[in-house]
Enquirer: 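Once you've had a glance at the structure underneath, I'll fire off some questions.
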Amino acid sequence: MLEKTYNPAEVEETLYSDWEQSGSFAADTGSSKAPYTIMMPPPNVTGILHIGHALTFTLQDVLIRYSRMRGKDALWQPGTDHAGIATQMVVERQLAEAGIHRRDLGREKFVKKVWDWKEESGGSIIRQLRRLGASPDWEKERFTLDDSLSNAVTKVFVQLHKEGLMYRDKRLVNWDPKLHTAISDLEVEQRETTGKMWFFKYPVDGMDGVTITVGTTRPETMLGDTAVAVHPDDERYTELVGKTCILPLVGRSITIIADDYADPEKGSGAVKITPAHDFNDFEVGKRHNLERINVLDENAALNENAPEKYRGMDRFDARKAIVADMEEAGLLEKIEENAMVIPYGDRSGVVVEPWLTDQWYVDAHTLAQPAIKAVETGQMKFVPKQWENTYFEWMRNIQPWCVSRQLWWGHRIPAWYGPDGHIFVEETEAEAVVAAKVHYGKDTEIVQDPDVLDTWFSSGLWPFSTLGWPDKTPELDRYYPGDVLVTAFDIIFFWVARMMMMGLHFMGEVPFREVYIHALVRDDKGQKMSKSKGNVMDPLELCDKYGTDSVRFTLSAMAAQGRDIKLSEQRIAGYRNFITKIWNAARFCEMNECVPSAKFDPASVTSTLNRWIVSKAAEAGNAVAASIESYRFNEGADALYHFTWHTFCDWFLEFAKPVFHGDEEAAKAETRATAAWALDQILIFAHPIMPFVTEELWRRIDENRGSSLINGEWPEYAGLSAPDAQAEMDWVVELISAVRSVRAEMNVPPKSKLDLSVKGTNETDQARLESHRALVSANARLESIVCVDDEHDVSGAIQTVVGSMTLLLPLAGVIDLDQERARLQKENDKHDAEIAKIEKKLNNAGFVAKAPASVVDENKARVAAAQDAKSKVLEALSRLASI
RNA sequence: GGGCGAUUAGCUCAGCGGGAGAGCGCUCGCUUCACACGCGAGAGGUCACUGGUUCAAUCCCAGUAUCGCCCA
């Protein structure tokens, strides 16, 4: 006997390990089934499961479990990402607590420490994933720093280099002065702030007392100025172009140049040019062949190129000092408030500095071309489609991708330098040594590049590196390309774009056919959840409180396309109740000896009631399947919820009660078998979303099944449609609802049973009444049901209209005539409104002429029905008047 | 500045060219032999605003307002 409520805590762990140990999650390379592949976006090894993970992994698991039940050989490839900066920061922080800096340890020891940390505390997110019920093929779990994946990274780097798509260049990078590494454009967060603009006067050479005023937001970088620019058309400055001015505090003579970059509207119209410290100025510098003077060190403090006084000062201290010194020199014209955007490192949270360094770059522009084309031609599709725009926008304007990082944790760049700086890019040191010998004509000492690669470089290879590439493995052959990638929009650039470029370049094929972009779970202010903002919700706490299935169902039900999710705990509680409802439906079936049978054929049932529920179950199952296949998880969840609660529980089981309590053995047997079958269907099509409770019930309902639901088969619901049975049961539902409505409005005590007389019945009505007498009586709480003719005395009866029938309920003594009149009047008004609305349409010649015939007919039928009902109500009203 | 999205019941949100929906909340009545995490019956909405297209607009188009996000 099932308990009164489902207790998730008791079953989840057992079921999960049972699934895992029985190999239910494993893909099978030798299978004759068609493959279905999802690459799990590898979470950071430092990651803690947050609600966004819960959403994305739930949806992926729904797809995987569904596909598995659909007879596919499903591979959900799991793993974790080494997360260069994030992981290094975690370990550095730990060391810092012990007062140790990574430099004290040295590279080798430090990297060892990180590995130790990874083995001990890393990957907790993988354990948390199990709590979520996720069913990836754990045997195939990978880590981006695994030997085989690292090997792939090296190969890719070397090949790209050989093809000229990977190169070293001296350019401005986004330098993080706290982490001491370059970061890519994507890792920079642009924050709007109100800052200041300082107006400095630079004395013009040879023109006594004449100055040119430049507006700047970065006074400290003036020490590296190598020009002043004005717009060529700016007449205020025409005379000064070509002349030189003196850079105050430094004394260097710099040229006044004309360049379109200077905006006459902004500031004074003249702008100082610091090619070594500003991306725009760098471009201007290139056009005018200006010297690049770097005045900052790796900490963003002033370096030896600055005048002695400022050397070693932090950039912001230097700013104050310089402004003060300029003011003292009488060269500070004014200070204005200025709305501006300041770049911050997304990991460190400090202001990022454009800094001139040598870095490795990927020619993303070239790689992007096939990746753009693949989406244009539909080889890869975004769902929802609108995200194509985001993808195209970025891909078409893609910048060289800086992939080197000045970190120790990550894939070491396979490049070695000779004494003269000559670069050797090879897969191994041995090969580099050989190359150097060839190049120099003798054994020559070479030194490996100390840098590592951007984490996203290896992530970009994930769809094929995890399958064994560059080896030609059976897995690679079978599971690439994947079917769908499921992710949030925020990593379209970081990851999706990179996988597309790498996949197309190295595999010659897109890495996946579709990308489903789901919502972002935001906090109550609509803010993106992130660790740094500290506004994360803990899905595991919710799982503890409500059960994992409740959380999964809630997330699925809210995963509508195109809008972000604001999650409320109340809603989870509501869906927990749904699970209890399923549980109790099963309990009811158990109490009434509804046992599933393998021999049961749903197409063979005979009673209207059973044909009806079979038909409805098939509809629901098909609706859930179609929803999942089109990534409309919310619609699938709705279909499931509605069928289970409002069709199966509210009506079918209630209708089955009189059968179960009756003495027609054949009907009883069929209805029991049908109920058991329908319940099984609910478990089947609920399983992808709610794996635990469904599996538990599947086993508890029939301990001799010998199979797990996870390995169950999703039936083809064909040939089960029964429109006649549906029409008939709809009629019954309407009848019962009408009686209940009157009872409630008239405050009839629930216990008292009424005698129902029905007027205006046709043969169909009479036959239906006859065959459903028991269940109508039970559900409407009736003592008797009789059909009467038009002459029947209705005095003292409440009347209500259902279709062409008028229901008469004897409520003499309880009827408040005024109340009853008001009730009927209200009903009448409703019909009037309906009739007016439709007639207006039908009276429109254009409508009748141009609308499809079916729509016109439908409206005609509706207005006829409403008129019929109205006349019945009017009749009732007139009878009332005559009492 | 450019782009995208949102505006529907008290709240959170579905729907999207021909009958306005869900969950929660609210009201009334029920210890009805599966379930009070329940059952039954209800209340509640000029579908942001203004134009346009159409026989027909909550839905399509244009504009306005407000809010949010992304990119520069």
Side-chain angles (χ1 to χ4, degrees), chain A residues 1-6 185-186 190 192 279 341 384 386-390 392-394 397 489-490 492-493 519-520 522 524-528 546-547 550 553-554 557-592 594 632 634-635 637-638 641-642 645-646 649-650 653-654 656-657 660-661 736-751 778-781 833-834 837-838 840-852 854-856 858-859 861-863 865-866:
Chain A
M1 179 75 177
L2 293 170
E3 307 75 32
K4 223 170 168 181
T5 52
Y6 165 60
D185 296 345
L186 284 176
Q190 305 289 347
E192 281 185 21
F279 288 100
V341 171
Q386 44 164 339
W387 290 109
E388 275 181 10
N389 297 331
T390 307
F392 284 140
E393 178 65 21
W394 192 68
N397 298 300
F489 79 92
D490 56 337
I492 290 179
F493 306 141
L520 223 49
R522 294 180 184 275
D524 50 0
K525 293 178 204 78
Q527 293 250 311
K528 191 172 152 180
Y546 299 102
S550 308
F553 191 87
T554 306
M558 299 190 75
Q561 296 183 2
R563 193 195 275 217
D564 289 332
I565 294 176
K566 280 194 236 168
L567 198 58
S568 89
E569 194 168 322
Q570 254 189 344
R571 199 153 177 134
I572 301 175
Y575 289 131
R576 184 268 324 271
N577 297 351
F578 173 51
I579 288 166
T580 307
K581 188 75 181 175
I582 298 178
W583 186 265
N584 277 286
R587 188 161 178 261
F588 174 81
C589 287
E590 184 185 41
M591 293 169 73
N592 287 283
C594 305
R632 298 175 185 279
N634 58 318
E635 290 180 14
D638 275 356
Y641 185 96
H642 190 261
W645 201 315
H646 299 306
C649 292
D650 284 353
L653 290 183
E654 293 303 323
K657 282 177 184 174
F660 292 155
H661 298 152
I736 292 168
S737 300
V739 175
R740 283 177 176 171
S741 185
V742 170
R743 292 182 64 117
E745 278 183 66
M746 292 297 125
N747 295 315
V748 178
K751 275 183 179 159
N779 283 283
R781 304 211 147 241
E834 171 88 348
K837 197 169 151 189
I838 303 172
K840 190 181 160 203
K841 243 189 224 183
L842 288 168
N843 290 336
N844 181 341
F847 173 71
V848 181
K850 296 194 181 176
S854 63
V855 174
V856 177
E858 191 193 322
N859 277 278
R862 264 173 53 206
V863 80

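Protein chains get the first letters and strands the later ones, always in sequence-line order, with residue 1 at the start of each.
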Enquirer: Return the nearest nucleotide to the side chain of A:Phe489; candidates are B:rC69, B:rG19, B:rC4.
Expert: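 For A:Phe489, the side-chain atoms sit closest to B:rC69.
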Enquirer: Between A:Thr554 and A:Arg571, what is the shortest heavy-atom contact and its length?
Expert: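 So the minimum-distance heavy-atom pair works out to OG1-O, 4.1 Å.
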Enquirer: Using the C1' atom in both, what is the distance from B:rA36 to B:rC11, to the nearest Å?
Expert: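 Going atom to atom, C1' in each nucleotide, I get 23 Å.
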Enquirer: Grab the CG-P distance between A:Asn634 and B:rU12 for me, whole Å please.
Expert: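 One finds 18 Å between P of B:rU12 and CG of A:Asn634, rounded.
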Enquirer: Using the P atom as the point on both nucleotides, what is the distance between B:rC16 and B:rA48, in whole Å?
Expert: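 Result for the P pair: 16 Å, nearest Å.
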Enquirer: Could you give the CG-to-C1' distance, from A:Leu842 to B:rG19, as a whole number of Å?
Expert: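 In whole Å, B:rG19 C1' lies 13 Å from A:Leu842 CG.
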Enquirer: Below 4.5 Å, heavy atoms only, C-beta onward: do A:Asn592 and A:Leu653 meet side chain to side chain?
Expert: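 The answer is no, as the side chains (C-beta and beyond) never meet within the 4.5 Å cut-off.
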Enquirer: With both distances under 3.5 angstrom, what nucleotide forms a Watson-Crick or G-U wobble pair with B:rA9?
Expert: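 The answer is none; no pair meets the criterion.
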Enquirer: Can you tell me if A:Arg781 uses its side chain to pair, donor with acceptor, with the backbone of A:Arg740 under 3.5 Å?
Expert: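 The answer is no, because no donor-acceptor pair under 3.5 Å joins these two groups.
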Enquirer: Taking side chain as C-beta onward, heavy atoms only, is A:Cys649 less than 4.5 Å from A:Phe588?
Expert: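 Counting from C-beta outward, A:Cys649 and A:Phe588 never come under 4.5 Å.
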Enquirer: For B:rC60, give its Watson-Crick or G-U wobble partner with both distances under 3.5 Å, or none.
Expert: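 Matched B:rC60 with B:rG52 under the 3.5 Å cut-off.
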Enquirer: Under 4.0 Å, heavy atoms only, any strand: does A:Arg740 hit a base, just the sugar-phosphate, or nothing?
Expert: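 Contact class for A:Arg740: sugar-phosphate only.
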Enquirer: Between B:rC4 and B:rA43, how far is it from one C1' atom to the other, in whole Å?
Expert: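 Going atom to atom, C1' in each nucleotide, I get 39 Å.
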Enquirer: Would you say A:Asp638 and A:His642 are linked by a side-chain donor-acceptor pair, where the criterion is simply a distance under 3.5 Å?
Expert: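 Checked: A:His642/A:Asp638 side chains show no N/O donor-acceptor pair below 3.5 Å.
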Enquirer: Counting primed atoms plus P, OP1 and OP2 as sugar-phosphate and everything else as base, spell out the protein contacts along nucleotides 51-63 of chain B at 4.0 Å heavy-atom distance: B, S or - for each nucleotide, 5' to 3'.
Expert: ----B--------
Enquirer: Considering Watson-Crick and G-U wobble pairs with both distances under 3.5 Å, what does B:rG68 pair with?
Expert: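 When the pairing criteria are applied, B:rC4 turns out to be the nucleotide that pairs with B:rG68.
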Enquirer: If we call it a pair only when both distances are under 3.5 Å in a Watson-Crick or G-U wobble match, what pairs with B:rA14?
Expert: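 Across any shown strand, B:rA14 pairs with none.
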Enquirer: Tell me the interatomic distance from A:Glu745, atom CD, to B:rG40, atom P, rounded to whole angstroms.
Expert: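 So the CD-P distance, A:Glu745 to B:rG40, works out to 17 Å.
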Enquirer: Is it the case that the ring center of A:Tyr641 lies less than 6.0 angstrom away from the ring center of A:Tyr575?
Expert: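 Close enough - the centres of the two rings lie under 6.0 Å apart.
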Enquirer: Using Watson-Crick or G-U wobble geometry with both distances below 3.5 Å, tell me the partner of B:rA20, or none.
Expert: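 Across all strands, not a single nucleotide pairs with B:rA20.
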Enquirer: Taking atom P in both B:rC67 and B:rA57, what distance in whole Å separates the two?
Expert: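 B:rC67 and B:rA57 have their P atoms separated by 31 Å.
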Enquirer: What is the separation between atom CG on A:Asn779 and atom P on B:rC39, rounded to the nearest whole Å?
Expert: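 The distance from CG of A:Asn779 to P of B:rC39 comes to 14 Å, rounded to the nearest Å.
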Enquirer: Write down the distance separating the C1' atoms in B:rA41 and B:rA56, rounded off to the nearest Å.
Expert: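 One C1' to the other, the span is 35 Å.
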Enquirer: Using a 4.0 Å heavy-atom cut-off to protein, can you give one letter per nucleotide of nucleotides 22-38 of chain B, 5' to 3': B if the base is in contact, S if only the sugar-phosphate is, - if neither?
Expert: -BSS------B-BBSBS
Enquirer: Which residue lies toward the 5' end of RNA chain B, A:Val855 or A:Arg632, if each is placed at its nearest nucleotide?
Expert: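 Between the two, 5'-proximity favours A:Arg632.
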Enquirer: Applying the Watson-Crick and G-U wobble criteria at under 3.5 Å, what pairs with B:rA43? Answer none if nothing qualifies.
Expert: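 Result: none.
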Enquirer: Does any N or O in the side chain of A:Trp583 come within less than 3.5 Å of the main-chain N or O of A:Glu3, such that one atom is a donor and the other an acceptor?
Expert: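 Side chain of A:Trp583 to backbone of A:Glu3, a donor-acceptor pair under 3.5 Å: yes, one is there.
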Enquirer: For B:rG38, what is the paired nucleotide under Watson-Crick or G-U wobble rules, both distances under 3.5 Å?
Expert: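 Looking at the geometry, B:rG38 pairs with B:rC30.
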Enquirer: Are the side chains of A:Lys841 and A:Val863 in contact, using a 4.5 Å heavy-atom criterion?
Expert: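 A:Val863 vs A:Lys841: side chains apart.
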Enquirer: Quickly work out the A:Ile492 CD1 to B:rC4 P distance and round it to whole Å.
Expert: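 Between P of B:rC4 and CD1 of A:Ile492: 14 Å.
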Enquirer: Considering only atom C1', compute the distance from B:rC35 to B:rC70 and round it to an integer number of Å.
Expert: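 Each nucleotide's C1' atom is 47 Å from the other's.
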Enquirer: Using whole Å, what does the distance between atom C1' of nucleotide B:rC4 and atom CD of A:Glu393 come to?
Expert: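 These atoms are roughly 11 Å apart.
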Enquirer: I need the minimum non-hydrogen distance between A:Asn859 and A:Ile838, along with the two atoms involved.
Expert: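 Nearest pair, atom of A:Asn859 first, then A:Ile838: O-CG2, 3.4 Å.
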Enquirer: Can you tell me how far P in B:rG63 sits from the matching atom in B:rC59, rounded to whole Å?
Expert: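 It works out to 16 Å between them.
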Enquirer: Round to a whole Å and report the spacing from CZ of A:Phe493 to P of B:rG3.
Expert: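 It works out to 15 Å between those atoms.
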Enquirer: For B:rG25, which nucleotide is its Watson-Crick or G-U wobble mate, given both distances must be under 3.5 Å?
Expert: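 Its partner: none found.
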Enquirer: Is there a side-chain contact between A:Phe847 and A:Val856, using heavy atoms and a 4.5 Å cut-off?
Expert: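 When only atoms from C-beta onward are counted, A:Val856 and A:Phe847 do touch, with a gap below 4.5 Å.
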Enquirer: Considering only atom P, compute the distance from B:rC61 to B:rG17 and round it to an integer number of Å.
Expert: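 One P to the other, the span is 11 Å.
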Enquirer: Is the shortest side-chain N to carboxylate O distance from A:Glu590 to A:Arg587 below 4.0 Å?
Expert: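 So A:Glu590 does not pair with A:Arg587 through a salt bridge.
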Enquirer: With respect to the phosphate group of B:rC71, does any side-chain polar atom (N or O) of A:Thr390 fall under 4.0 Å of OP1 or OP2?
Expert: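 The answer is no; no side-chain N or O of A:Thr390 sits under 4.0 Å from OP1 or OP2.
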